[in-house]
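Here the structure is a predicted model, which is why all the values come from computation and not from measurement. In the text below, chain A, chain B and the rest are named by the order of the sequence lines, each starting its count at 1.
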There are 2 protein chains.
Amino acid sequence: MCPISTALDAIGDKWSLLIIRDLIIQGPRTYSQLLDSPERISTNILATRLELLISLNLIERTKPQASSRNNAFQVTNRGAQLKPVIQALGHWASRNLTDFHSDMLKM
Amino acid sequence: MCPISTALDAIGDKWSLLIIRDLIIQGPRTYSQLLDSPERISTNILATRLELLISLNLIERTKPQASSRNNAFQVTNRGAQLKPVIQALGHWASRNLTDFHSDMLKM
DNA sequence: CCGGATCCTTGTCGATACTG
DNA sequence: CAGTATCGACAAGGATCCGG
């Protein structure tokens, strides 16, 4: 199978890359901090995505089973390697999508 | 707003990048050729995505209004600039997701 | 309060049948 | 061949509730 297709099956949804972006750029974040990201993910979606990303070994909990409180999430080595992808995407968007919203209005 | 978020709003769905991948790697493709991609997109979804990508100026029709038949789609300049993103994603997947399906089985 | 789980509504996807 | 129409299934979103 095509690696692009495989990658998109794993992280091609609406939220996964945004979560990973937060964790890469800002370092370990708690559940609440991720909820407060400007994109306003809802609680159930965030919990589901986090579990999925953990099962794919892209992120992990910082304090495995400590107090179940104030435990944060961080990217694993494998997840951190997505940084070039995110950078390339951000670079492309900066150069080509500054007029994105005006494009949308024409629809 | 964050450029990553903007980019994902535009092409962060399941199919857009796969279509662009086909058009970048294989060159201009007709509707039927895109339908025959191994990922098996359905007809209505493909039509919707193509219109969306055209409205974003990421792809275009090769023969504007010729015979309405045998007209193909190709990436625009803006769309072609996604190539580094796709390559980065493919590279990452090749290195990290060869065991993706076995990871899924553990769930 | 924090980290979720649950319920319910809404919207989007996707398969198939159908049309010019 | 290049789409459009229809409809069911499922995922996302929002609000609320619960345990520690």
Side-chain angles (χ1 to χ4, degrees), chain A residues 1 5 8-23 26-56 59-75 104 107, chain B residues 1 4-23 26-56 58-75 104 107:
Chain A
M1 277 279 273
S5 174
L8 291 178
D9 272 352
I11 55 166
D13 68 282
K14 183 176 176 181
W15 295 109
S16 296
L17 266 186
L18 287 175
I19 296 171
I20 293 173
R21 172 207 61 175
D22 281 352
L23 296 181
Q26 312 193 17
R29 311 287 288 163
T30 68
Y31 186 86
S32 304
Q33 289 175 318
L34 290 170
L35 270 188
D36 284 340
S37 266
E39 287 84 14
R40 314 267 79 204
I41 189 173
S42 59
T43 65
N44 50 358
I45 310 284
L46 178 57
T48 306
R49 283 305 139 199
L50 288 174
E51 288 311 309
L52 182 67
L53 293 174
I54 287 174
S55 79
L56 290 175
I59 68 174
E60 62 192 356
R61 292 177 188 272
T62 51
K63 293 191 277 180
Q65 302 286 46
S67 65
S68 93
R69 203 159 162 151
N70 277 357
N71 50 356
F73 301 87
Q74 62 188 349
V75 287
M104 291 298 277
M107 294 174 61
Chain B
M1 278 275 275
I4 309 289
S5 173
T6 310
L8 291 177
D9 273 352
I11 55 166
D13 67 282
K14 183 176 174 181
W15 295 108
S16 295
L17 268 186
L18 287 174
I19 295 172
I20 293 173
R21 173 208 60 176
D22 280 354
L23 296 181
Q26 311 194 19
R29 311 286 287 165
T30 67
Y31 186 88
S32 303
Q33 288 175 319
L34 290 170
L35 270 187
D36 283 341
S37 266
E39 287 83 16
R40 313 267 78 206
I41 189 172
S42 61
T43 64
N44 53 353
I45 309 286
L46 177 57
T48 307
R49 284 303 139 198
L50 288 173
E51 288 311 309
L52 181 68
L53 292 175
I54 287 174
S55 79
L56 290 175
L58 298 182
I59 68 174
E60 62 192 356
R61 291 177 190 272
T62 50
K63 293 190 278 181
Q65 300 287 48
S67 65
S68 93
R69 208 155 155 152
N70 277 357
N71 49 357
F73 301 87
Q74 61 189 350
V75 286
M104 292 298 276
M107 294 173 62

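- Protein atom CD1 of B/I41 is 15 Å distant from nucleotide atom P of C/dT16, rounded to whole Å.
- Distances shown here put every side-chain N or O of B/T43 at or beyond 4.0 Å from the OP1 or OP2 atom of D/dT4.
- One can place CG of B/L53 at 16 Å from C1' of D/dG3, the figure rounded to the nearest angstrom.
- A/R61 places no side-chain N or O within 3.5 Å of a backbone atom of A/Q74 that could act as its donor or acceptor partner.
- B/W15 has no side-chain polar atom (N or O) that falls below the 4.0 Å cut-off from OP1 or OP2 of C/dC13.
- How far CG of B/L56 is from CG of B/L52: 5.0 Å, rounded to the nearest 0.5 Å.
- Between the A/R49 side chain and the A/N44 main chain, no donor and acceptor come within less than 3.5 Å of each other.
- Rounded to a whole Å, the CD1 atom of A/I45 is 15 Å from the P atom of C/dT6.
- For the pair A/I19 CD1 and D/dA12 P, the computed distance is 11 Å after rounding to whole Å.
- Nucleotide C/dC2 holds its P atom 11 Å from the CG atom of A/L35, rounded to whole Å.
- Evaluation of atom-type donor-acceptor distances gives a pair under 3.5 Å for the side chain of A/N44 against the base of D/dG14.
- Between the CG atom of A/N71 and the C1' atom of C/dG3 there is a distance of 8 Å, rounded to whole Å.
- The side chain of A/K14 places an N or O atom within less than 4.0 Å of a non-bridging phosphate oxygen (OP1 or OP2) of D/dG13.
- Phosphate contact (OP1/OP2 of D/dG3, side-chain N/O of B/R61, threshold under 4.0 Å): present.
- Put simply, A/R40 has no side-chain N or O that comes within less than 4.0 Å of OP1 or OP2 on D/dG14.
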Step by step, would you call A/L50 with A/Y31 a side-chain contact (heavy atoms from CB on, under 4.5 Å)?
-> CA-CA 9 Å; A/L50 288 174; A/Y31 186 86; 3.9 Å; yes

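- Spacing between atom CG of A/L50 and atom P of D/dA12 amounts to 13 Å, rounded to whole angstrom units.
- Annotation: the span from A/L18 atom CG to A/W15 atom CH2 amounts to 6.5 Å, rounded to 0.5 Å.
- Across the protein-nucleic acid pair, A/Q33 atom CD and C/dG3 atom C1' stand 13 Å apart, rounded to whole Å.
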